[in-house]
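For reference, the structure is listed below as structure tokens.
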Amino acid sequence: MDLKLSGKKALIVGGSRGIGKAIARQLALEGVDCTICSRNESTLKIAAEDLAQETKRNIYPIVADITDPNSILNLVEKSAAVMGSIDILINSGARVGGHEPEDFYSIKEELILKDFEEKYMGYFRCIRAVAPYMIENKWGRIINISGLAARIGGNYFSSGPRNASVVHLTKSASLELGKHGINVNAIYPGIVETESFRERVNSKEAIHQAESLNSLGRLITPEEIAYVVTFLASPLSASITGDVIPVTGGIGNTVYF
């Protein structure tokens, strides 16, 4: 299937590793020039070089901090300048949960505020900064990586609310931008075998437990998330907007890593 993406320009926020890097790779394989960003310059440059060598597309690395409004504006302006415009925005740069306690009695209020600043406000600022370029082109695709904790109760008193806020942001932005030919969607990833996951879960027993939580009996790969995102980023997804697509492998609703 020709996704009709060749020649498009994408900004992947958080594209130096994990899901973001896999998305950048898949978009580039479809003929998209990409800008990727991270706070870690050395990791970012290595990722850009690897992706460019494999895909033979232009991959531009720009250091950015999505908790800083000025850094976001700088990122978007530089991205548009080097690529010529921005057709696609992938918001995938927020902190992965699981590193600090989030249960009712242990969670720190500072963590909740930090998470909202980074994920909700970071995504919102990126969308608002990119929108004028897409409005000018009368076309655009925005995909927000949310999280399954948004629809799971329990001890996720930061991960849950921040990911639920991304869902509301997605729907509201789709209503605002749809008249300009811009589609906005979100993804619920399941338990994904990323570098971050392996750093947190490093025992065979814990990995087996995680694998047993979904219908497939294995972890989801970043590439499997990227396939769905790439379709949503394409012109072929014209009738899908304001929605959330779960890519979970059929995970249950009791535990989320």
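The first residue in the sequence is number 1, and the count goes up from there.
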Query raised in the report: Just wondering, are more than 12 heavy atoms of other shown residues or ligands nearer than 6.0 Å to CD in Glu223?
Result: yes
Query raised in the report: Roughly how far apart are Ile88 CD1 and Met83 CE, rounded to 0.5 Å?
Result: 9.0 Å
Query raised in the report: Side-chain donor-acceptor pair under 3.5 Å between Asp103 and Ser106, yes or no?
Result: yes
Report task. Quick one: closest heavy-atom pair of Leu27 and Ala233, and the distance? Result -> CD2-CB, 4.0 Å
Report task. Check the angle between the aromatic planes of Phe116 and Tyr120 and answer parallel, tilted or perpendicular using the 30° and 60° thresholds. Result -> tilted
Report task. Look at atom OH of Tyr60 and say whether more than 12 heavy atoms of other residues, nucleotides or ligands are closer to it than 6.0 Å. Result -> yes
Query raised in the report: Tyr123 side chain to Asn91 main-chain N or O, any donor-acceptor pair under 3.5 Å?
Result: yes
Requested in this report: Evaluate whether atom NZ of Lys179 has more than 12 neighbouring non-hydrogen atoms of other residues, nucleotides or ligands under 6.0 angstrom away.
Outcome: yes
Report task. Give a yes-or-no answer on whether the side chains of Asn144 and Ser146 include a donor-acceptor pair shorter than 3.5 Å. Result -> no
Query raised in the report: Do Asn185 and Thr241 have side-chain atoms, one donor and one acceptor, less than 3.5 Å apart?
Result: no
Query raised in the report: Is the closest side-chain heavy-atom distance between Ile245 and Tyr188 below 4.5 Å?
Result: no
Query raised in the report: How far apart are the C-alpha atoms of Asn183 and Ser174, what are their side-chain angles, what is the distance that settles it, and do they pass the side-chain contact (heavy atoms from CB on, under 4.5 Å) test?
Result: CA-CA 6 Å; Asn183 291 19; Ser174 74; over 6 Å; no
Query raised in the report: Would you say the side-chain atoms of Asp65 pair up with the backbone N or O of Arg39, donor to acceptor, closer than 3.5 Å?
Result: no
Query raised in the report: How far apart are the closest heavy atoms of Ser215 and Gly250, and which atoms are they?
Result: OG-O, 3.2 Å
Query raised in the report: NZ of Lys138 to CE of Met134: how many Å apart, nearest 0.5 Å?
Result: 15.5 Å
Report task. Look only at the side chain of Thr230 and the backbone of Gln26, and say whether a donor-acceptor pair between them is shorter than 3.5 Å. Result -> no
Query - Check: Ser234 main-chain N/O paired with Ser237 side-chain donor or acceptor under 3.5 Å - result: yes
Query raised in the report: How many angstroms lie between atom OG of Ser16 and atom CG of Leu51, to the nearest 0.5 angstrom?
Result: 10.0 Å
Query raised in the report: Under the 3.5 angstrom rule, does the side chain of Arg57 hit a backbone N or O of Gly31 as a donor-acceptor pair?
Result: yes
Query raised in the report: Would you say Ile145 and Pro189 make side-chain contact, with heavy atoms under 4.5 Å?
Result: yes
Report task. Look at atom CD of Glu54 and say whether more than 12 heavy atoms of other residues, nucleotides or ligands are closer to it than 6.0 Å. Result -> yes
Requested in this report: Answer whether the closest heavy-atom distance between the side chains of Leu89 and Val13 falls below 4.5 Å.
Outcome: yes
**Report entry** Residue among Ile36, Ile90, Asp87, Leu75 satisfying side-chain contact (heavy atoms from CB on, under 4.5 Å) with Leu11
**Finding:** Leu75
Query raised in the report: Any side-chain heavy-atom pair from Ile12 and Cys37 closer than 4.5 angstrom?
Result: no
Query - hydrophobic_cluster_shared for Phe157 and Leu113, side chain cutoff 4.5 Å - result: no
Query - Min side-chain heavy-atom separation Lys21-Arg25 under 4.5 Å - result: no
**Report entry** Steps toward salt bridge (Lys or Arg N to Asp or Glu O under 4.0 Å) verdict (Lys114, Glu110)
**Finding:** CA-CA 6 Å; Lys114 177 183 176 182; Glu110 292 81 5; over 6 Å; no
Query raised in the report: Should Val184 and Arg141 be marked as a side-chain contact (heavy atoms from CB on, under 4.5 Å) after you check the CA-CA gap, both sets of side-chain angles, and the distance that decides it?
Result: CA-CA 6 Å; Val184 188; Arg141 295 288 186 269; over 6 Å; no
Report task. Could you walk me through whether Tyr133 and Val76 pass side-chain contact (heavy atoms from CB on, under 4.5 Å), step by step? Result -> CA-CA 10 Å; Tyr133 299 97; Val76 171; 3.6 Å; yes
Requested in this report: Determine, stepwise, if the pair Leu177 / Ile127 fulfils side-chain contact (heavy atoms from CB on, under 4.5 Å).
Outcome: CA-CA 10 Å; Leu177 300 174; Ile127 292 171; 4.2 Å; yes
**Report entry** salt bridge (Lys or Arg N to Asp or Glu O under 4.0 Å) between Glu224 and Arg218, worked out
**Finding:** CA-CA 12 Å; Glu224 289 167 334; Arg218 63 170 176 82; 2.8 Å; yes
Query raised in the report: Between Asn40 (side chain) and Ser42 (backbone), is there a donor-acceptor pair under 3.5 Å?
Result: yes
Query - Closest heavy-atom pair and its distance - Ser71, Ala64 - result: OG-CA, 3.4 Å
Query raised in the report: Can you check whether Val32 reaches Lys9 side chain to side chain, under 4.5 Å on heavy atoms?
Result: no
Requested in this report: Enter the distance from Ile59:CD1 to Asp33:CG here, rounded to the nearest 0.5 Å.
Outcome: 7.0 Å
Query - Which atom of Ala164 lies closest to which atom of Ala150, heavy atoms considered - result: N-CB, 3.4 Å
Report summary line: To the nearest 0.5 Å, atom CG of Leu232 lies from atom CD1 of Ile142 at 12.5 Å
Query raised in the report: Within the distance-only criterion (no hydrogens, no angle test), does the side chain of Ser159 pair as donor or acceptor with the backbone N or O of Tyr156 below 3.5 angstrom?
Result: no
Query raised in the report: Is it the case that one hydrophobic cluster holds both Leu3 and Ile86, taking links as side-chain heavy atoms less than 4.5 Å apart, direct or via other members?
Result: yes
Query raised in the report: Just one of Leu148, Ile207, Leu219, Ile220 clears the side-chain contact (heavy atoms from CB on, under 4.5 Å) bar with Ile191, so which one?
Result: Leu219
Query - Common cluster, Ile240/Leu175, ILVMFWY with side-chain heavy-atom separation under 4.5 Å - result: no
Query - Heavy-atom side-chain proximity of Ser158 to Ile107 below 4.5 angstrom - result: yes
Query raised in the report: When rounded to the nearest 0.5 angstrom, what is the spacing between OG1 in Thr67 and CZ in Arg125?
Result: 8.5 Å
Query raised in the report: Same hydrophobic cluster for Leu29 and Val229, using side-chain heavy-atom links shorter than 4.5 Å among ILVMFWY?
Result: no
Report task. Assess whether atom CZ of Arg128 is packed by more than 12 heavy atoms of other residues, nucleotides or ligands within 6.0 Å. Result -> no
Query raised in the report: Transitively linked via ILVMFWY side-chain contacts under 4.5 Å: Tyr227 with Met1?
Result: no
